[in-house]
Structures are given as C-alpha cells and as structure tokens.
Enquirer: 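First the structure, which I've put down as structure tokens, then a few questions once you've had a look.
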Amino acid sequence: MAVSALETQAKPRVVLCARGLRRDFGGFTAVKNVDLDVHDASVHALIGPNGAGKTTVFNLLTKFLQPTSGTITLMGTDITRTPPDRVARMGLVRSFQISAVFPHLTVLDNVRVALQRPNNLSTQFWRPLSALDSLNERAEQLLASVGLAKERDHIAADLSYGRKRVLEIATTLALDPKVLLLDEPMAGMGQEDVSVVSAIIRDVARDRAVLMVEHNLSVVANICQHVTVLQRGEILAEGDYATVSQDERVRQAYMGTEEHH
Ligand SMILES: Nc1ncnc2c1ncn2[C@@H]1O[C@H](COP(=O)(O)OP(=O)(O)O)[C@@H](O)[C@H]1O
Ligand SMILES: [Mg+2]
C-alpha cells in the first residue's frame, strides 16, 4: 500500500492507455502501432497533418470504432471490447458525444439538463428533497467555472459561436468525466475565445486528463504538457512541445507546412 501511494505521488497516473492500436478500412490502414499514455491532471495534444488518423484514434478510444487490433485501458480496466455508452459512463467522454446544446433553452437550463442525466442524479439519490437545490447550485458553479455566469438566462441560440462552444464544454463537464477528449475545440474561434477556452481547458485539467486534437500550435505550446505527433496513421514523435517542435522529421512533416500559411 505504502509503496503504491509513493508511486502515485512520484509519477502522474496513466488514466487512458492504448497499446498497438490499429484500424484498417478495407485494405487501407488508417492507424497502426499507436501506443498512447494519457496522464491524469494534464493536457495531451494529438497533432499531425490532415488525414494522419487523429479522428480515427479518437473514434477508437471512445469505442465509436472497433480497433482491428490492439488494446485500450481506462483507469486500469480493459475497455477494448466495451460499448461506447458504457465507456462514457466510466468517465471517458468526448465533447460532442453526449453534450448537444439545445438552442431554444437558456444557458442555465442546458447545464441543468446535462446535470440530470442518470449518472449524475444517481449520485444524489440519498438526498432527494434537496436534489433540486443542489442541482441548481451545481449548475451555477459550472457556469461560473467556465465564465458563463452572466449569460445564464440567455437563450443558447443567441450566444456567439465561441460562447456556444464554451457552453458545450460546460455541459460535458456536467458529466464529471475523468478523461475528456476534445476534437479541435478551438476550430473557427477568434483569438479572444481561443484564450478563454485555453484557460478553461487548463483549469479543467487540474483534476482530470484532457486529450485534444489541435491545429493551433501556439495553443499546443501554451497549454499541453504532452504532444503526440501522428503521420500516416503512425506516431512520428512524442514528448513536450519544445522537444517535438525541434524534431527535424516533425518540422518536415508538419511544422514545415505550417510556416507556408
Ligand atoms: N470510415 C472510413 N473509411 C475509410 N477510410 C477512412 C474512414 N475514416 C477515415 N478514413 C481514412 O483514414 C485516414 C485518417 O483519417 P482521419 O482519422 O479522419 O484523419 P485526421 O483526423 O488526422 O485528419 C484518412 O486517409 C481517411 O480518409
Ligand atoms: Mg480529424
């Protein structure tokens, strides 16, 4: 016991682990030999050129796609054959997976709806009389934590694009995921929203793991502790941003192309 406690302290825990992940589509191999360790309390970026296999890896991890071979472990449990809804209930949640924003509802009601999902209410069964109060309290807390408190009574459809994405993240956080997967969370956002969402993601990752596909390399440099670079379905490089961005093969495959934009 004492030994394992020490180990936990010494090294951040791997909460999501993939080994030898492979996915074929007919004769085409979209993902192969992918080993991934996603650590608790960190932001991990998955980057690489278009078609590298990033979305396929996300689909494999969330079990939307079955791997052709390889294994996936979530907090020590083998989930390679586990259906996607169970994996989500176990705490591995992708941003748009369950958290559709209802355009005609207010910001607050969107979060309340998300909080009333079965897995959330089940944690409150022991105090049914105060359940509604605690739901409202939790909804307000969530909105405050993502900076949406002022917009609580706004209709979701009236929010700017960036604020809608923030609301989407809030409804995902309502599920209290242990591992949060975000596929291009900053896509289509202006610089101001990018800064806001970067801060939210950094904050969110204080007590959970975030794995994100991100094209904006300054975001990756600013908020991601781990970077995995994919190319043609395989891992080209990994490490912290400084290490990866200095890798000559990465510069050629990815960074090099960015510089021409
Ligand atoms: N369902 C599918 N059927 C056939 N090929 C696919 C399918 N999904 C993805 N691919 C192919 O796999 C490769 C990786 O795609 P994807 O994971 O979407 O890349 P990325 O997200 O990095 O841009 C691409 O060549 C793509 O055409
Ligand atoms: Mg993609």
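We count ligands from 1, going down the list as the structure has it; atoms in each ligand are counted the same way.
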Enquirer: Before accepting this row, confirm whether a basic side-chain N of the pair D176/R208 lies closer than 4.0 Å to the acidic partner's carboxylate O.
Expert: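 Counted as a salt bridge, because a side-chain N and a carboxylate O are separated by less than 4.0 Å.
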Enquirer: Is the Mg ion (ligand 2) less than 2.8 Å from at least one N/O/S atom of T55?
Expert: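 Yes.
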Enquirer: List the steps and the verdict of side-chain hydrogen bond (donor to acceptor under 3.5 Å, both in side chains) for T243 and D240.
Expert: CA-CA 5 Å; T243 307; D240 59 20; 2.5 Å; yes
Enquirer: Which pairs would a plain distance check flag for residues 152-159, meaning a side-chain donor or acceptor within less than 3.5 Å of a matching protein atom at least two apart in sequence or in another chain?
Expert:
| unit_1 | atom_1 | unit_2 | atom_2 | d |
| --- | --- | --- | --- | --- |
| R152 | NH1 | E140 | OE1 | 3.4 |
| R152 | NH1 | E140 | OE2 | 2.6 |

Enquirer: Taking the basic N atoms (NZ, or NE/NH1/NH2) and the acidic carboxylate oxygens, is any pair closer than 4.0 Å for D85 and R89?
Expert: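 Yes, D85 and R89 are salt-bridged.
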Enquirer: Applying a heavy-atom distance cut-off of 4.0 Å, which protein residues contact ligand 1?
Expert: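 Heavy-atom contacts below 4.0 Å: F25, F28, A30, P49, N50, G51, A52, G53, K54, T55, T56.
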Enquirer: Is a salt bridge present between R19 and D37, judged by a nitrogen-to-oxygen distance below 4.0 Å?
Expert: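 Here R19 pairs with D37 in a salt bridge, since their nearest N and O are under 4.0 Å apart.
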Enquirer: Is the terminal nitrogen or CZ of R23 (NZ for Lys, CZ for Arg) located under 6.0 angstrom from the six-membered ring centre of F28 and within 45° of that ring's axis?
Expert: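 R23 over F28 ring: no.
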